[in-house]
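None of the values given here were measured: they were computed from a predicted structure.
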2 protein chains.
Amino acid sequence: MGARDGDDSATAGSTLGYALLSLLTRGPATGYQLASRVKAPIGHFWTAKHSQIYPELARLAAAGWVRAAEEAGPGPRAKKTYELTPDGLAALRAWLVVPPVAQPRSEITLKAYAANSGDPAAMAALYGGLAAQAARTLAEYEQDAADMRAQGMDDPAHPRFGNYAVLLMGLESQRVVQRWSAWLAASLDGGAPVPYPHPPAPRDNGY
Amino acid sequence: MGARDGDDSATAGSTLGYALLSLLTRGPATGYQLASRVKAPIGHFWTAKHSQIYPELARLAAAGWVRAAEEAGPGPRAKKTYELTPDGLAALRAWLVVPPVAQPRSEITLKAYAANSGDPAAMAALYGGLAAQAARTLAEYEQDAADMRAQGMDDPAHPRFGNYAVLLMGLESQRVVQRWSAWLAASLDGGAPVPYPHPPAPRDNGY
DNA sequence: TTTTGACATGTCAACTCTGACATATTCGCG
DNA sequence: CGCGAATATGTCAGAGTTGACATGTCAAAA
């Protein structure tokens, strides 16, 4: 028997399933809309193609975690608008407080590991380009964050506070990529040790 | 026909394949040793189980990118020590300068997206714990980095400069997780907006 | 008017990755 | 002497993920 049959209450879900439940806390949506929502800002840290979303929604529906309302759609098939059920919300809430263990995967860091097997000038150009790209993305995110603060989204009581939290993580990540890539490019370019530009520690906030 | 038959020179490899080639630039190793090497420091950004490594090594050998020397092993099978071939090094060098596109996946960020669907106290405890864990890891990495600098590994000419570069990325990542998790815990705990403790920008190094 | 893009849902083959199963020696510890 | 841990290599089922294929409407731009 499969690991996720919907006949009992203690059904386990995949991370993607919980990601979809999370998206549905923002309001009902079709599979197509979920595929769009999975782009910004959560898409910076979790993505899925529609080919994965549709079957997963079917499984969530079978488990009773989402409910679909059918309408005549533009294409040959009915359009289905999904919404979270109380069971689905309970499952999401239970999953939220489980400490995650998965490690990240980063191809740019993997390439850095083999940096001195590559041509130094080409590698420096690669990381210089990455730094420039990160700087552009960073500026964009900073604007987004300012807009969100103007809307009060930095208040944990705001229904889309999560969007703001995710964006801040994106911002910090881009900052790191920018700084680290620039340091690596300078190191490879100069052929001599370059001190890492560590920022001074910010004030301690008690955690 | 499969995508990675070894009969022609322009064979494409998987990221794991290149990761193994990268590890082999540090010297010949058995599959078992590669499974260990994939732990520190590169394991913070790329991991693989032996069940994935052994078949991949067989593919790399079939493509002529690695060469195996067989010896009598402790178990029922021969022990194989792999080394990089000139073709393998060329393939690695070509891969190194291709800008990566893959996006990271982060479960802790995904959970933050749905933060206000969870119990605030429980969520604050989760992120407070993550911040504490990151602080411990950070201290460990800072010690490692200092040791590496003492060995001259911050010089891009050092054969294990890549280890140092990867460790610095790990250090920065832990710093971000620590700061962001602590901010999130404080926000959820207080129930009111908490300014994000952005560090002042370090000096510009020209990139 | 044609064509492009958005809306909308699905299947399928192939590849990636994990966890469990399977086997066998050697070395150190109690 | 027995036990566990480390060394060492493999297979296999199943879950996760991607990219291509497939279908069809509607509105806006060229």
Do [X] and [Y] make a side-chain contact, defined as non-hydrogen atoms from C-beta onward lying under 4.5 Å apart?
{"X": "B/Leu24", "Y": "B/Leu34", "answer": "yes"}
{"X": "A/Met169", "Y": "A/Phe45", "answer": "yes"}
{"X": "A/Phe161", "Y": "B/Leu184", "answer": "yes"}

Using whole Å, what does the distance between atom [atom2] of nucleotide [N] and atom [atom1] of [X] come to?
{"X": "B/Glu71", "N": "D/dA8", "atom1": "CD", "atom2": "C1'", "answer": "11 Å"}
{"X": "A/Glu56", "N": "C/dT11", "atom1": "CD", "atom2": "P", "answer": "14 Å"}
{"X": "A/Tyr54", "N": "C/dT11", "atom1": "OH", "atom2": "P", "answer": "11 Å"}
{"X": "B/Arg105", "N": "C/dC17", "atom1": "CZ", "atom2": "P", "answer": "11 Å"}
{"X": "B/Lys49", "N": "D/dG10", "atom1": "NZ", "atom2": "P", "answer": "19 Å"}
{"X": "B/Ile53", "N": "D/dA8", "atom1": "CD1", "atom2": "P", "answer": "14 Å"}
{"X": "A/Trp46", "N": "D/dT17", "atom1": "CH2", "atom2": "C1'", "answer": "11 Å"}
{"X": "B/Leu16", "N": "C/dA14", "atom1": "CG", "atom2": "P", "answer": "21 Å"}

Query raised in the report: Quick one: side chain to side chain donor-acceptor pair (under 3.5 Å) partners of B/Arg93, sequence neighbours excluded?
Result: none

Report summary line: Contacts of A/Gln143 meeting side chain to side chain donor-acceptor pair (under 3.5 Å) (sequence neighbours excluded), chain-then-number -> A/Asp147

Report task. For the residue pair A/Tyr196 and A/His198, categorise the inter-ring angle as parallel (less than 30°), tilted (30 to 60°) or perpendicular (more than 60°). Result -> tilted

Requested in this report: Measure the acute angle between the ring planes of B/Tyr127 and B/Trp180, then classify it against the limits of 30° and 60° as parallel, tilted or perpendicular.
Outcome: perpendicular

Requested in this report: Decide yes or no, distance alone: a donor-acceptor N/O pair under 3.5 angstrom between the base of D/dG10 and the side-chain of B/Ser51.
Outcome: no

Requested in this report: Tell me, please, whether A/Tyr113 has B/Arg160 positioned over its six-membered ring: NZ or CZ under 6.0 Å from the ring centre and within 45 degrees of its axis?
Outcome: no

Requested in this report: Please check the phosphate of C/dT18 (OP1 and OP2 only) for any side-chain N or O of B/Gln52 closer than 4.0 Å.
Outcome: yes

Do side-chain atoms of [X] reach the backbone of [Y] as a donor and acceptor pair under 3.5 angstrom?
{"X": "B/Arg105", "Y": "A/Thr47", "value": "yes"}
{"X": "B/Thr85", "Y": "B/Gly64", "value": "yes"}
{"X": "B/Trp65", "Y": "B/Leu21", "value": "no"}
{"X": "A/Lys111", "Y": "B/Val98", "value": "yes"}

**Report entry** NZ/NE/NH1/NH2 to OD/OE distance under 4.0 Å, B/Glu142 and B/Arg175
**Finding:** yes

Filtered N/O pairs between nucleotides 3-6 of chain D and protein, under 3.5 Å:
none

Report summary line: As a check of understanding: the bend across the helix from C/dT1-D/dA30 to C/dG30-D/dC1, end axes from five pairs, rounded to 10 degrees, works out to 30°

Query - Among D/dA8, C/dT9, C/dT18, the nucleotide that comes nearest once only the side chain of B/Thr47 is considered - result: C/dT18

**Report entry** Of A/Ala48 and B/His50, the one whose closest DNA chain D nucleotide lies more 5'
**Finding:** B/His50

Query raised in the report: Which residues, if any, of residues 75-82 of chain B bring a heavy atom under 4.0 Å of DNA chain C?
Result: B/Gly75, B/Pro76, B/Arg77

Query - Stretch residues 18-31 of chain B: residues that reach within less than 4.0 Å of DNA chain C through a heavy atom - result: none

Requested in this report: Consider only side-chain N and O atoms of A/His158 and A/Tyr164, and report whether a donor and an acceptor are under 3.5 Å apart.
Outcome: no

